Amino acid sequence: MAEIKALFWDVGGVLLSNAWDHTQREQAIEKFKLERVEFAERHELVASSFERGKITLDDYLDRTVFYRVRPFTRDEFKNYMYSLSLPDEGALAFAKGLTDSGKYRMGTINNESRELNSYRIEKFGLRAIFRVFISSCFVGLRKPEEAIYRLALDITQQAPESCCFIDDRALNLEVAKRLGMHTIKMDGVEQLRGELQKLDVT
């Protein structure tokens, strides 16, 4: 087995809560009394552009929320969106320990809109853990598109068999595995630690 030299991580569902996934959107619908079906339809029409960095957060909100007069402000809605991001302290500490070991090139492969991604990088100190961010909003590609994994390999100049990708969703892992990367489905820090130990990652 090839020595593992690079670890790629999803962010939402692995190191942090998801930023603006189904659960978070449902919470916002309830809090702000949005029209569920109409919001969902509008979200689906712009979600890809939003996560690929083709439209801004303000553009997204114009099309999904503020296309009509609301009894709340744009800043109130944005601040609520940001507040939904929460850390998994154990996972973050574990990842930071691997970074501090100096043995692995650490990067993310994650789907996220630009403003939420930048907020989370800053808020949770992710620059101290990762050297490279292969984020959908920065590269214009999304998981599970094969091209985003190939880009991560090209940018880091790593062979796929020397890399391990950690995610909480099976489909995202299947594509990486097909390219030759080792993969681990995240199901808690201790489970992750054990799976990495099998790859001699400590």
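Being a predicted model, the structure only gives us computed values, none of them experimental.
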Does [X] reach the side chain of [Y], with side-chain heavy atoms less than 4.5 Å apart?
X: L34; Y: F77; result: yes
X: V132; Y: I155; result: yes
X: F66; Y: F72; result: yes
X: L126; Y: F133; result: yes
X: Y67; Y: D62; result: no
X: F94; Y: D88; result: no
X: F50; Y: H43; result: no
X: M81; Y: L57; result: yes

Inset, instruction - Kindly give the heavy-atom pair with the smallest separation between C164 and L199, and that separation in Å. - result: SG-CD1, 3.8 Å
Distance-only, no hydrogens or angles: does the [X] side chain make a donor-acceptor pair with backbone N or O of [Y] under 3.5 Å?
X: Q157; Y: D154; result: yes
X: T99; Y: A95; result: yes
X: N117; Y: S113; result: no
X: S118; Y: R114; result: yes

Atom pairs and distances, side-chain donor-acceptor, residues 168-189, under 3.5 Å, sequence neighbours left out:
unit_1: R169; atom_1: NH2; unit_2: D21; atom_2: OD2; d: 2.1
unit_1: N172; atom_1: ND2; unit_2: D167; atom_2: OD2; d: 3.4
unit_1: H182; atom_1: NE2; unit_2: E161; atom_2: O; d: 3.2

Legend entry - Atom NZ of K31 with >12 non-hydrogen neighbours under 6.0 angstrom: no
Inset, instruction - Check the surroundings of atom CZ in R131: do more than 12 heavy atoms from other residues, nucleotides or ligands lie under 6.0 Å from it? - result: no
Side chains of residues 2-10: which donor-acceptor pairs under 3.5 Å do they make with residues two or more places apart or in other chains?
unit_1: D10; atom_1: OD1; unit_2: K143; atom_2: NZ; d: 3.0

Inset, instruction - Consider only side-chain N and O atoms of S48 and R52, and report whether a donor and an acceptor are under 3.5 Å apart. - result: yes
Legend entry - Modelled atom types, side-chain donor and acceptor of T108 and N110, under 3.5 Å: yes
Inset, instruction - Kindly determine whether Y60 and E115 satisfy side chain to side chain contact (heavy atoms under 4.5 Å, CB included), including the steps that lead there. - result: CA-CA 11 Å; Y60 171 82; E115 290 86 349; over 6 Å; no
